[in-house]
Amino acid sequence: MKNIVILLSGRGSNMRSVVQACRAESWPARIAAVIANRPDAEGLAWAAAQGLTTAVVDHRAHADREAFDAALAAEIDRHQPDLLLLAGFMRILTDGFVRHYEGRMLNIHPSLLPAFPGLHTHRQALAAGVQAAGATVHFVTPQLDHGPIVAQAVVPVLPGDDETALADRVLAAEHRLYPMAARWFVEGRLALAQGRVRQLDGAPQLLWDGGLG
Ligand code: GRF
């Protein structure tokens, strides 16, 4: 059994999709802990109600990034993670933290990276006039929203889309993409070579929304 630890800061819908898929599909893994940097994170309450182990490492209780990341890593490592998932975790991580979890930490970002890293992704995409948007799961490296890409999901940008409409369409795709990628990891179906990810049994690393023409 592999241990999965999930970090979040807010709503936690991606965390929910991973927890539900892990249970429904009987992955060779367990959700060892869900950890938030805010005690009021909505996702934390849901996880606790599911009987999952939860913890809070409040960034406001630490003097600087290094101190916070050290406390966070100490909490995470109590749960002996094989896989660490960032699921809407809104903190910039120190290089030392990222190195500690190198090769076993994934993130999901709501754009087709390397386009539109950082915040206000959907606003950036609409402003640029792209016709396709999507989500990316990638291994985490020190540079924000970079790192070897594990899988991407593509959705159309439709006439009349605003940020909310686009975000909702992308989020629905995220909820399929993140569990798929996490499952590959815990089943040993990913390899990382020369900074690129290979899916070992040939499953497509690209999900297309059915609405794309
Ligand atoms: C998602 O769009 C995710 O891609 C981004 O933050 C958002 C988190 O949403 N990193 P949720 O908390 O998983 O609902």
Side-chain angles (χ1 to χ4, degrees), residues 4-23 31 33-50 52 54-59 72 83-93 97-98 101 105-127 130 132-157 161-185 205-207 209:
I4 300 175
V5 172
I6 305 177
L7 303 188
L8 54 80
S9 297
R11 182 176 52 186
S13 70
N14 277 290
M15 175 273 300
R16 276 204 308 272
S17 69
V18 169
V19 169
Q20 285 164 343
C22 180
R23 286 175 176 167
I31 309 298
V34 175
I35 302 172
N37 63 308
R38 314 177 58 97
D40 59 351
E42 206 185 312
L44 207 57
W46 184 87
Q50 295 293 309
L52 297 173
T54 60
V56 176
V57 181
D58 194 333
H59 61 280
L72 183 61
L83 174 62
L84 182 59
L85 296 177
L86 305 183
F89 188 64
M90 302 301 286
R91 303 297 302 170
I92 306 273
L93 299 165
F97 183 96
V98 172
Y101 298 105
M105 173 161 52
L106 298 177
N107 180 43
I108 187 160
H109 182 74
S111 79
L112 295 173
L113 291 174
F116 315 128
L119 294 175
H120 309 303
T121 314
H122 304 299
R123 193 183 308 168
Q124 294 182 59
L126 290 170
V130 294
T136 303
V137 174
H138 62 96
F139 280 98
V140 177
T141 54
Q143 198 179 349
L144 181 71
D145 295 331
H146 277 72
I149 290 174
V150 176
Q152 291 186 304
V154 182
V155 303
V157 178
D161 268 355
D162 59 11
E163 275 183 66
T164 308
L166 183 55
D168 287 351
R169 193 174 310 120
V170 171
L171 191 64
E174 292 182 49
H175 294 161
R176 294 198 292 137
L177 189 71
Y178 215 4
M180 180 184 88
R183 181 178 179 172
W184 287 346
F185 186 95
Q205 289 167 259
L206 177 64
L207 295 181
D209 181 281

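Only a predicted model underlies this, so the values are computations on that prediction, with no experimental measurement involved. Atoms within each ligand, like the ligands themselves, are counted from 1 in listed order.
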(message) I need the R183 CZ to C22 SG distance, nearest 0.5 Å.
(response) 10.0 Å
(request) May I ask whether L8 has any heavy atom positioned less than 4.0 angstrom from an atom of ligand 1? (result) no
(message) Only heavy atoms of R11, strictly under 4.0 Å: list the atoms of ligand 1 that pass.
(response) 9 (O), 11 (P), 12 (O), 14 (O)
(request) Quick one: pull up OG1 in T164 and CG in L171 and give me the separation to the nearest 0.5 Å. (result) 12.0 Å
(request) Considering heavy atoms of the protein only, find what lies nearest to atom 8 (C) of ligand 1 and give residue, atom and distance to 0.1 Å. (result) G88 CA, 3.6 Å
(request) To the nearest 0.5 angstrom, please state how far the CD atom of Q50 sits from the CD atom of Q20. (result) 7.0 Å
(request) Would you mind running through ligand 1 and noting each atom that sits below 4.0 Å from a heavy atom of I108? (result) 3 (C), 4 (O), 5 (C), 10 (N)
(request) Would you indicate which of G10, S13, A135 comes nearest to atom 11 (P) of ligand 1 when only heavy atoms are counted? (result) S13
(request) State the CG-CE distance between L8 and M15, to the nearest 0.5 angstrom. (result) 5.5 Å
(message) Between ligand 1 and A87, is the shortest N or O to N or O distance under 3.5 Å?
(response) no
(message) I need the L166 CG to H122 NE2 distance, nearest 0.5 Å.
(response) 5.5 Å
(message) As an exercise, state the distance from OG1 of T54 to CG of L44, rounded to the nearest 0.5 Å.
(response) 5.0 Å
(message) So for G12, does at least one of its heavy atoms come nearer than 4.0 angstrom to any atom of ligand 1?
(response) yes
(request) Check each of V140, I92, L84 against F97 using the side-chain contact (heavy atoms from CB on, under 4.5 Å) test, and report the only one that passes. (result) L84
(request) Give yes or no for whether the N/O distance cutoff of 3.5 Å, strictly under, is met between E174 and ligand 1. (result) yes
(message) Within ligand 1, which atoms have a heavy atom of P110 less than 4.0 Å away?
(response) 2 (O), 4 (O), 5 (C)
